[in-house]
Amino acid sequence: MLLTITTTHSPATDLGYLLYKHPQKLQSVDLAVGKAHIFYPEATEERCTVALLLDIDPIELIRGKANDSFALSHYVNDRPYVASSFMSVALATAFSTAMNGTCRDKPELVDVKLPLEVTLAVASVRGGETLIRRLFEPLGYTLELENYPLDVTVPEWGDSKYFLLKLQHTLRLKDLLSHLYVLMPVLDNDKHYFVNKQEIEKLMDKGKDWLSAHPEKELITKRYLKNIHHLTRQAFEVLMREELPDEEEEMEEENEIVKVVKQKRVSLHYQRLQTVFEKLVASNSKRVLDLGCGEGKLLQLLLRENQFEEILGMDVSHRSLEIAAERLRFDRLPAHVRQRISLIQGSLTYKDKRLQGFDAAALVEVIEHLDLNRLLALEQSVFGFARPKLVLLTTPNAEYNQKYETLIEGRFRHEDHRFEWTRTEFETWTQHITDVFGYEAELFTVGEVDEQVGASSQGVVFKRKV
């Protein structure tokens with residue numbers, strides 16, 4: 001597997017100082033499953049290229065049990081030939097000094113933005129060209145891609161998951177290396193080694209200057225951590241803290257209630273929360289449920305409004321409830337505020353007496369996370385058993401997905417969505433609820449409305465007739 005980095009910075013041989021690797025020497029570093037060789041195919045004042053050649057020992061690959069996804073994977077796999085977590089580790093090992101932003105002989109070069117071009121001979125990509133662009137284009141890269149066919153002799157088999165990938169950008173070398181280190185295993189959606197809490201630290205270290213602002217930070221985090229749920233939750237908590245304002249800005253008067261993050265451009269997510277919050281205020285409800293409360297962002301808004309005398313947040317995830325408690329600063333709330341709010345663990349697909357007797361309930365982007373065959377159970381537990389006077393619900397509008405240029409056609413907005421409805425499908429379902437459970441329905445939208453496909457999110461206010 002070969003990776004090359006080229007610059008036309010003047011003098012181009014400064015690349016050798018930054019990488020701490022002499023252009024006239026062939027150097028090798030030992031890896032757990034082989035060696036990485038570093039050499040310079042060209043090194044002139046005008047143009048300099050460094051190459052990282054990964055040479056995986058197949059015997060060590062078997063001994064390490066680096067790939068065990070099927071019975072013969074130790075003997076039949078693509079690991080020695082593609083850019084994956086092997087290359088990511090090799091990159092960090094061979095260029096650790098440069099990745100950490102250290103240059104002993106010319107320290108001023110560390111913060112110089114260089115014209116750089118990267119070539120990955122074979123990148124393994126689970127998600128195709130669209131995924132590559134979703135990951136690299138927000139970081140400012142210009143891309144050239146070539147999708148390898150499965151078999152050149154059988155063109156009807158179509159393209160493979162392997163790409164020749166060329167990236168161009170003007171940026172600091174340490175930023176480039178951190179991008180590659182994180183995103184190569186994200187493209188491949190796999191890792192050859194055991195993933196634990198240390199991987200969160202690595203991700204936050206390598207992504208500290210860019211990850212929190214990346215529009216695909218959730219996807220990157222999940223894939224980097226091999227979609228291990230409890231690790232991704234912990235990583236999201238760290239990212240969430242980075243997005244929150246300073247402590248002094250989080251307090252509201254003497255109640256010490258967390259304020260909503262102020263943003264120049266309000267995200268669609270916060271538009272949903274604000275819309276639901278305003279409708280709850282207008283309803284004059286006093287006892288409110290936040291069903292599927294997640295990490296407590298809607299609860300923040302509800303708690304700062306004294307109208308709501310009792311607030312109950314429920315989620316199936318214990319970890320999400322822990323994050324919500326931290327966000328709300330339960331341990332620091334005055335007693336008279338603390339008694340207004342409770343957090344409980346539970347599932348919306350089971351009847352729960354704790355949910356009865358409330359004026360209103362909110363389900364913000366919740367139902368699409370359920371399998372359709374479990375939606376009936378939610379209907380019975382919420383509308384049939386708990387029966388709040390008012391239910392506010394939002395869910396994505398599938399028709400609007402075509403407006404997201406980076407979204408692969410036919411795919412949902414998030415990996416854990418089980419379905420996404422069109423406007424007609426949503427209207428049909430709301431009519432079903434009104435017919436079966438004795439509610440009236442008033443539809444609304446969230447976000448900018450397109451004449452052809454509607455708004456990004458669609459919502460409904462259900463009002464109980466009796």
Side-chain angles (χ1 to χ4, degrees), residues 229-230 232-234 236-237 240-241 244 255-258 260 269 272-273 276-277 279-281 283 285-371 374-395 416 418 433 437 439 462 464:
H229 183 71
H230 71 278
T232 57
R233 282 289 186 185
Q234 293 177 47
F236 289 158
E237 177 184 358
M240 178 189 70
R241 286 173 178 170
L244 290 176
N255 289 337
E256 299 181 341
I257 300 173
V258 182
V260 178
H269 176 62
R272 294 190 199 105
L273 297 179
V276 170
F277 170 72
K279 289 183 179 295
L280 286 171
V281 171
S283 72
S285 299
K286 297 184 182 299
R287 305 180 68 233
V288 179
L289 295 167
D290 184 2
L291 302 178
C293 64
E295 297 173 358
K297 293 180 180 179
L298 178 59
L299 295 174
Q300 274 186 302
L301 294 173
L302 296 173
L303 195 57
R304 50 193 293 243
E305 178 56 61
N306 291 329
Q307 168 186 323
F308 302 115
E309 299 174 356
E310 182 178 355
I311 304 165
L312 178 63
M314 188 178 84
D315 201 277
V316 71
S317 168
H318 178 71
R319 183 56 186 157
S320 292
L321 294 173
E322 289 180 338
I323 297 173
E326 293 176 8
R327 174 186 288 274
L328 296 166
R329 301 183 182 275
F330 262 34
D331 58 339
R332 298 173 57 183
L333 290 176
H336 70 281
V337 177
R338 174 67 181 82
Q339 67 183 5
R340 292 170 50 211
I341 185 166
S342 301
L343 298 176
I344 62 173
Q345 186 175 21
S347 171
L348 291 176
T349 58
Y350 296 96
K351 296 177 181 179
D352 193 327
K353 291 182 178 180
R354 295 175 295 178
L355 305 184
Q356 290 184 316
F358 282 80
D359 299 325
L363 294 90
V364 182
E365 308 294 290
V366 170
I367 61 171
E368 63 273 9
H369 295 272
L370 294 174
D371 291 321
R374 299 297 295 160
L375 186 59
L376 180 61
L378 178 144
E379 295 172 5
Q380 293 293 337
S381 66
V382 174
F383 297 98
F385 185 75
R387 290 191 64 77
K389 298 176 183 177
L390 191 79
V391 179
L392 286 104
L393 181 148
T394 71
T395 191
D416 54 350
R418 299 296 184 263
I433 296 298
F437 297 103
Y439 280 80
F462 290 108
R464 197 178 70 199

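Between the CZ atom in Phe383 and the OH atom in Tyr439 there is a gap of 6.5 Å [rounded to 0.5 Å]. Taken to the nearest 0.5 Å, the CZ atom of Arg332 stands 12.5 Å off from the CD atom of Glu326. Between the CG atom of Leu376 and the CG atom of Leu370 there is a distance of 11.5 Å, given to the nearest 0.5 Å. Atom CZ in Arg374 sits 4.0 Å away from atom OG1 in Thr349 (nearest 0.5 Å). Within the model, atoms CZ of Arg304 and CZ of Phe277 stand 6.0 Å from one another, a figure rounded to the nearest 0.5 Å. To the nearest 0.5 angstrom, Leu291 atom CG is 5.5 Å from Met314 atom CE.
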Start with the C-alpha distance between Ile367 and Leu393, add both sets of side-chain angles, then the distance that settles side chain to side chain contact (heavy atoms under 4.5 Å, CB included), and finish with yes or no. CA-CA 9 Å; Ile367 61 171; Leu393 181 148; 3.8 Å; yes
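Scored by the salt bridge (Lys or Arg N to Asp or Glu O under 4.0 Å) test, Glu379 finds no partners at all (sequence neighbours excluded). In this structure, Lys279 has no salt bridge (Lys or Arg N to Asp or Glu O under 4.0 Å) partners at least two apart in sequence or on a different chain. Looking at residues two or more places apart in sequence or on another chain, you find no side-chain hydrogen bond (donor to acceptor under 3.5 Å, both in side chains) involving Ser342. Take Arg354 and apply the salt bridge (Lys or Arg N to Asp or Glu O under 4.0 Å) test, not counting sequence neighbours, and it matches Asp352. Under the rule for a side chain to side chain contact (heavy atoms under 4.5 Å, CB included), the partners of Arg272 that lie at least two apart in sequence or sit in another chain are Leu268, His269, Val364, Glu365, Thr394, Arg413, Val446, Ser457. Checked against side-chain hydrogen bond (donor to acceptor under 3.5 Å, both in side chains), Arg287 has the following partners two or more places apart in sequence or in another chain: Glu310. Taking Ser320 as the reference, Arg233, Ser317 meet the side-chain hydrogen bond (donor to acceptor under 3.5 Å, both in side chains) condition, with sequence neighbours excluded. By the side-chain hydrogen bond (donor to acceptor under 3.5 Å, both in side chains) test, Asp371 is found to be paired with Arg418, residues two or more places apart in sequence or in another chain being considered. The side chain to side chain contact (heavy atoms under 4.5 Å, CB included) check on Glu309 picks up Lys286, with sequence neighbours excluded. With sequence neighbours left out, Phe308 forms a ring pair (Phe, Tyr, Trp, His ring centres under 6.0 Å) with no residue at all. For His369, the ring pair (Phe, Tyr, Trp, His ring centres under 6.0 Å) partners at least two apart in sequence or on another chain are His417. For Ser283, the side chain to side chain contact (heavy atoms under 4.5 Å, CB included) test picks out Ser285, Leu390, with sequence neighbours left out.
Contact of the Cys293 side chain with the Leu321 side chain is registered, since non-hydrogen atoms from C-beta on lie closer than 4.5 Å. For the pair Val391 and Ile433, the minimum side-chain heavy-atom distance is 4.5 Å or more. For the pair Leu355 and Leu312, the minimum side-chain heavy-atom distance is below 4.5 Å. Counting heavy atoms from C-beta on, the side chains of Glu305 and Leu302 never come closer than 4.5 Å. In this structure, the side chains of Val281 and Gln307 come closer than 4.5 Å at one or more pairs of heavy atoms.
The closest donor-acceptor contact from the side chain of Ser381 to the backbone of Leu348 lies under 3.5 Å. For the pair Asp315 (side chain) and Gly294 (backbone), a donor-acceptor distance under 3.5 Å is present. Side-chain atoms of Arg387 come within 3.5 Å of backbone atoms of Phe437 as a donor-acceptor pair (strictly under, hydrogens ignored). Checking side-chain atoms of Arg327 against main-chain N and O of Gln300 turns up no donor-acceptor pair under 3.5 Å.
Here the shortest heavy-atom pairing between Leu378 and Leu363 reads CD1-CD2, 4.2 Å. When all heavy atoms are compared, the tightest approach of Phe385 to Lys353 is CE2-N, 3.8 Å. Residue Leu328 comes nearest to Gly296 through the heavy atom pair CD2-O, 4.3 Å, listed as atom of the first residue, atom of the second, then distance. The two residues Phe358 and Val288 have their closest heavy-atom pair at CD2-N, 3.6 Å.
Checked options Asp290, Ile311, Leu299; the residue passing with Leu343 is Leu299 (criterion: side chain to side chain contact (heavy atoms under 4.5 Å, CB included)).
Counting heavy-atom neighbours within 6.0 Å of Phe330 CZ, excluding the residue itself, gives a total above 12.
Inspection of the His230 and Gln234 side chains reveals no N or O donor paired with an N or O acceptor under 3.5 Å.
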